[in-house]
Amino acid sequence: MVLESVRFGTSFLARRKELTLDSSQFTVITAAEFSDFVATRDDVHFQQTKAFGDLQDSLGHQPFYLAVKNDKTIVAAMLVTLAKVRFGYLAEAHGNPYFSTVANDNQLLVSGAKALLKKQGVLKLIIHSNQMIEKYDDNWEKVGEFNQDLDAFYQGLGFLEGHLSDFEKGFNYNYSKTLTGFENFAKLEKSYKKNGLQTIKKARKLGIQVYEASYDELADFKKVVDEAGERRNFSTRDLSYYQAVYQAFGDRVKFVLAKLNFQTELIANQSELAGVHKEIEQAQAQNKKKSLDTLHQRVSRLEKFQTELQKLAEMHGDQDVILAAAQFFIMPNDILYMFSGMYDEYREFSAPFLIQDYMLQYAFAHHIDHYHFMGVNAPDNPDQGVLKFKQNFKGYIWQSSGNYELVVKPILNKMTEILKAVIKR
């Protein structure tokens, strides 16, 4: 297998050693200016958008839109948010800042940010970088290296490599699929693994409805995610958070749910079962033994399903029941799959497969090139269930770059670290 190696010389991080004599200046810009600048980019990260700034503001974190301008044109920018901590504030830039191709512009952006943040009482600035550094196939064989001088780039700006939080460790390895090169969506679907596509086709035969939740239906979304979080031991968010995301991102976020009316499905299954019995009568009359074997197997499956549906129909009556839910961020060139859940008792209905297929179809129809299923466990973790589900759609595994920290107030930052260490004892 060929090992692909790519230097960190991409357009927005290429570096020039010489300092150019220009009119570049650090400045704080408005949210509207930042939004207009981001609209010109192809490499948009959902956490470096005005919408994310609005979200953080609603959660009580103060957003700052920082930039370097050259002759009134923005050449580098980043969104930084402040959160209160002991002895001051923590500043964070989530996602990937929009760096310049000119090293001096990046130095101005960071030095200007540091000076401004110091006046705001910030102890340190953390950039939560999200660049691909290694790529793997489905067997965890490395097939590519990327952005290998990322550490050197940030060190040149005064940053040190930081630590990942427990939440971030869940996104250190990710799963993605490239959607280019397919003539139509049918051919994209054929690129799924065989078992995955068969599961989707089977689930489509049921009366499952996949739909996008309204603002008033976010409580339904939360219930599903909370149940999954309790069962799988991961933390979830308050309803107010999902509501804030919905309001901040508008049509750039989707909360997708799948529901089924068990009573309606019971009637449909009864009808199908009756049809198979008629086929058996015809096959018996024509002495088709091979057909009879297949038909009897279908009857066995349908009768078993009928018993299960009967119980569920008696329990829920004539009403729609939510089976699964998932949240997605939609950027110009990327879709990111975030929070999700499924009621375990409805696992056999395979609703999460239909939700992913629904969003993959949306991405393809809107010419979005990259679909990110996001976090999977590290290769040394014995629990690979999430990865196995995502592998049904046949993509690739990749490792994300980590955090980079710039200390703004060394003494107070050190005091905070010592206090944390004492508290942990």
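Keep in mind that the numbers below use all heavy atoms, side chains included, and drop hydrogens, waters and symmetry copies.
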Is the shortest heavy-atom distance from the side chain of [X] to the side chain of [Y] under 4.5 Å?
X      : Y      : answer
Val143 : Tyr136 : no
Val28  : Leu66  : yes
Leu188 : Leu179 : yes

Please report the closest heavy-atom contact between [X] and [Y], naming both atoms and the distance.
X      : Y      : result
Ala93  : Met78  : CB-SD, 4.3 Å
Glu405 : Lys124 : OE1-NZ, 3.4 Å
Arg86  : Leu123 : O-CD1, 3.6 Å
Val110 : Phe159 : CG1-CE1, 3.8 Å
Leu82  : Val80  : CD1-CG1, 4.2 Å
Leu125 : Val408 : N-CG2, 4.1 Å

For [X] and [Y], I'd like to know if the aromatic rings sit close, meaning centre-to-centre distance below 6.0 Å.
X      : Y      : result
Tyr175 : Tyr396 : no
Phe373 : Phe393 : yes
Tyr346 : Phe262 : yes

| task | Begin from the C-alpha positions of Phe364 and Phe182 and carry the test ring pair (Phe, Tyr, Trp, His ring centres under 6.0 Å) through to its verdict. | result | CA-CA 9 Å; Phe364 187 82; Phe182 297 100; 7.2 Å; no
Keeping [X] on the side-chain end and [Y] on the backbone end, is there a donor-acceptor pair under 3.5 Å?
X      : Y      : result
Asp238 : Ser240 : no
Asn377 : Asn381 : no
Asn106 : Ser100 : yes

Fill in: Contacts of type side chain to side chain contact (heavy atoms under 4.5 Å, CB included), residue Lys84, not counting sequence neighbours
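Lys84 satisfies side chain to side chain contact (heavy atoms under 4.5 Å, CB included) with Tyr89 only.
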No-hydrogen, no-angle side-chain donor-acceptor test under 3.5 Å, [X] and [Y]:
X      : Y      : result
Asn403 : His163 : no
Gln297 : Ser300 : no
Glu314 : Gln310 : yes
Tyr362 : Glu212 : no

Ion pair present between [X] and [Y], side-chain N to carboxylate O less than 4.0 angstrom?
X      : Y      : result
Lys193 : Asp138 : yes
Lys223 : Asp226 : no
Glu145 : Lys135 : no
Glu33  : Lys69  : yes

| request: Report the C-alpha distance between Gln270 and Gln306 in whole Å, list the side-chain angles of each, state the deciding distance to 0.1 Å, and finish with yes or no for side chain to side chain contact (heavy atoms under 4.5 Å, CB included). | output: CA-CA 7 Å; Gln270 288 172 335; Gln306 187 78 0; 2.5 Å; yes
Q: Under the side chain to side chain donor-acceptor pair (under 3.5 Å) rule, what do Tyr192 and Gln356 come out as? Steps first, then yes or no, please.
A: CA-CA 12 Å; Tyr192 301 170; Gln356 294 297 334; over 6 Å; no
Can you spot which of Tyr215, Tyr242, Tyr211 makes a side-chain contact (heavy atoms from CB on, under 4.5 Å) with Phe255?
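Single pass found, and it is Tyr242.
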field: Residue that, paired with Leu79, satisfies side-chain contact (heavy atoms from CB on, under 4.5 Å) out of Glu92, Gln48, Gln56, Lys50
entry: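 Of the listed options, the one satisfying the test is Gln48.
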Start with the C-alpha distance between Phe389 and Phe353, add both sets of side-chain angles, then the distance that settles ring pair (Phe, Tyr, Trp, His ring centres under 6.0 Å), and finish with yes or no. CA-CA 9 Å; Phe389 166 70; Phe353 284 84; 5.0 Å; yes
Can I get a per-line list of side-chain donor-acceptor pairs under 3.5 Å for residues 194-207, giving both atom names and the distance, sequence neighbours left out?
unit_1: Thr199; atom_1: OG1; unit_2: Asn195; atom_2: O; d: 2.8
unit_1: Arg204; atom_1: NH2; unit_2: Glu189; atom_2: OE2; d: 2.4
unit_1: Arg204; atom_1: NH2; unit_2: Asp357; atom_2: OD2; d: 2.6

- Hey, can you tell me if Tyr404 and Tyr154 have their rings parallel, tilted or perpendicular (30° and 60° cut-offs)?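 Geometry flag for Tyr154 against Tyr404: parallel rings.
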Angle between ring planes, Phe34 versus Tyr65, binned at 30° and 60°: parallel, tilted or perpendicular?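 It falls in the tilted class, 30° to 60°.
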Per-pair distances, 0.1 Å, donor-acceptor, side chain in residues 332-343, under 3.5 Å, sequence neighbours excluded:
unit_1: Asp334; atom_1: OD2; unit_2: His372; atom_2: NE2; d: 2.8
unit_1: Tyr337; atom_1: OH; unit_2: Ser340; atom_2: OG; d: 2.7

Show your reasoning for whether side chain to side chain contact (heavy atoms under 4.5 Å, CB included) applies to Phe234 and Thr236.
-> CA-CA 7 Å; Phe234 65 80; Thr236 60; 3.7 Å; yes
| task | Report the C-alpha distance between Ser400 and Phe171 in whole Å, list the side-chain angles of each, state the deciding distance to 0.1 Å, and finish with yes or no for side chain to side chain contact (heavy atoms under 4.5 Å, CB included). | result | CA-CA 7 Å; Ser400 175; Phe171 293 93; over 6 Å; no
*asked:* If you apply the rule side chain to side chain contact (heavy atoms under 4.5 Å, CB included), what do you find for Met315 with Lys311, and how did you get there?
replied: CA-CA 6 Å; Met315 184 184 303; Lys311 294 177 182 177; 5.8 Å; no
